[in-house]
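Note sheet for the following structure.
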Number of protein chains: 2
Amino acid sequence: MPSSTSGEPPFSVWLRPERARRDRRLSRERIVRAAVALLDAEGVRGLSMRRVAADLEVTAGSLYWYVTTKDELMELAMDEVLGEVLGEVLGEVSERGPAPEGEWRTALERMARGQRAMLLRHPWMLSDLASQPNLGPNALALADAGLRLLATAGFRDGELDAALAAITDHVVGAVAAEISWRTVTERTGARAGGTADWRERAGGFLERVAEEYPLLGRRLGAGGPVDPGAESERRFAYALGCLLDGLEARRGGRPPA
Amino acid sequence: MPSSTSGEPPFSVWLRPERARRDRRLSRERIVRAAVALLDAEGVRGLSMRRVAADLEVTAGSLYWYVTTKDELMELAMDEVLGEVLGEVLGEVSERGPAPEGEWRTALERMARGQRAMLLRHPWMLSDLASQPNLGPNALALADAGLRLLATAGFRDGELDAALAAITDHVVGAVAAEISWRTVTERTGARAGGTADWRERAGGFLERVAEEYPLLGRRLGAGGPVDPGAESERRFAYALGCLLDGLEARRGGRPPA
DNA sequence: ACCTGAACACCGTTCAAGT
DNA sequence: ACCTGAACACCGTTCAAGT
């Protein structure tokens, strides 16, 4: 069989193999992967159908063969990334059986920290938060794993969802705050002294704020440099501790089985 | 060393003084109000410079005399709306002085509920969450009022910010989940039986999920109609209760003054 | 000082036409 | 079945020119 894939056009149909269904240049998977890469690299603003298409060396219109809308692509990208934590959480819920007393706390904490780390790796995950609940396979598996974890921890049926929501909502809110805080310090102090630069760029603003609102001023770093990473970690742990204490008191008792 | 303070565009509206006034059809205030109205009516997707300009019977370009960028307009709109809760929180913190024992709990709860209600009135507030911390006057006043509330509640200095973050992060995360949940049920069951319609529109999907993930299936309404409003309220209260319990245990003691 | 009008460089999405 | 190319109706932002 002569080479037919490139070069001169074949002089006869019969010399050209019929196009296999498999030699498609595109696939939903490739598209989603390209989208995730783009999102990681340039954020939500950087994501466009045309850009994704270009990265795949294809026309924008062709993407619509695999995906009916940009929103849909975003849904797919989000679920793709949720897969990163799925393994961890499934490990928590299955490796250990009914969870020995006290273990459930650290299991929940690991779940929360895993989700937080993932969101920090892919900050764009938070940009579409309020738009639509994720119904993708990974999202579903993740939610169910969380519910099962809480069930084996001894939470009553009617409280499973509320308990899970308490934790995931905290993760989401905390990471959103962390990211917004990070972007302002990083954007201003791109390559200079980091936090120091934000404080000098803010100039008189910070001082005026601190004067009018002393408590708030300290929080914003008027009293000295502030490490947003360390601060965020401290707050995250604090609230998580509060939540787990509260959950402990509401727990039904020991594992049912 | 050349002054580095000028050159780059200011990264926040609040660091840049407003222009002098004269006889003009436009004003920052009018623009912001129009933007808020548009956002309330049509969400973030509906907001465009051209649309705002049209609503004000003016050309798109002219907006840039008052606002350097669409992001800036968004910052302004968000702070505008934060003003709605400012009054309530200030009431909490000043009306009652050092807050009698036990009162701090209900004060915090009122604050949280006020913020939640405001976010539900203006769901678009959550669409820019992770982008940039709000440094507007209302945002600052609100944050400081929260800190003061916690201070009079007896929280130690070093924990004020973590305690406040615990609550606001929960509010944000919970409302984000609530909105996303609401949009899916409302979008599908626009004028029909509300939640019922979502369940029938989802068709086999819901059943398949419930089969593979029994716990999750119930949560999604596979077992019967679910009222997202009531469910969200229940979850919100549950997590808030957990948080307040945890906070109570960490509180320093009684009010310092 | 303030606003218009036109332009630039992008968008998401559609769809006839090709292969 | 899959992809191209061109088109449509929008964007944010800039800027000379008017008043």
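Lettering of chains follows the sequences in order, A, B, ..., and the numbering in each one begins at 1.
- Mapping Gly61(A) and Gly46(A) onto DNA chain C by nearest heavy atom places Gly46(A) at the nucleotide closer to the 5' end.
- Between Arg235(A) and Glu231(A), at least one side-chain nitrogen of the basic residue sits less than 4.0 Å from a carboxylate oxygen of the acidic one, meeting the salt-bridge criterion.
- Atom CD1 of residue Ile31(B) and atom CG of residue Leu26(B) lie 4.0 Å apart, to the nearest 0.5 angstrom.
- At whole-Å resolution of the value, CZ in Arg45(B) and P in dT13(C) are 8 Å apart.
- Straight-line distance from the OH atom of Tyr66(B) to the C1' atom of dC3(C): 8 Å, rounded to whole Å.
- In this structure, of dT13(C), dC3(D), dC11(D), it is dC3(D) that holds the atom nearest to the side chain of Leu26(A).
- Ion pairing between Arg218(A) and Asp161(B) fails under the 4.0 Å rule for side-chain N and carboxylate O.
- In terms of phosphate contacts, Arg51(B) brings no side-chain nitrogen or oxygen within less than 4.0 Å of OP1 or OP2 of dA9(D).
- Between Trp65(B) atom CH2 and dT13(D) atom P the separation is 17 Å, expressed in whole Å.
- Under the Watson-Crick and G-U wobble criteria, each requiring two contacts below 3.5 Å, nucleotide dA16(D) is paired to dT4(C).
- Arg28(A) places its CZ atom 17 Å from the C1' atom of dC3(D), with the value rounded to the nearest Å.
- Residue Val58(B) has its side chain nearest to dC3(C) when only dC3(C), dT14(D), dC11(C) are considered.
- If you check dC11(D) for Watson-Crick or wobble pairing at under 3.5 angstrom, you find it has no partner at all.
- Taking atom CG of residue Leu63(A) and atom P of nucleotide dT14(C), one finds them 13 Å apart after rounding to whole Å.
- Under 4.0 Å is where a charged nitrogen must lie from a carboxylate oxygen, and between Arg113(A) and Glu233(A) at least one such pair does.
- Following rounding to the nearest Å, Leu47(B) (CG) and dC10(D) (P) show an atom-to-atom distance of 16 Å.
- Of the residues listed (Leu142(B), Leu140(B), Asn138(B), Leu135(B)), the one engaging Asp79(B) in a side-chain contact (heavy atoms from CB on, under 4.5 Å) is Asn138(B), and it is the only one.
- Between Glu57(A) atom CD and dC3(D) atom C1' there is a gap of 14 Å when expressed in whole angstrom units.
- For the pair Thr69(B) and dG12(D), the criterion of a side-chain N or O lying under 4.0 Å from OP1 or OP2 is not met.
- Contact annotation: Thr59(A) side-chain N/O to dT4(D) OP1/OP2 distance is under 4.0 Å.
- One can place CG of Asp71(A) at 7 Å from P of dT13(C), the figure rounded to the nearest angstrom.
- Residue Ser48(B) places its side chain closer to dC11(D) than to any other of dC2(D), dC11(D), dT4(C).
- Contact between the side-chain N/O atoms of Ser62(B) and the OP1/OP2 oxygens of dC2(C) is not found at any separation under 4.0 Å.
- Each of dT13(D), dT13(C), dC3(D) was ranked by its minimum atom distance to the side chain of Tyr64(A); first place goes to dT13(C).
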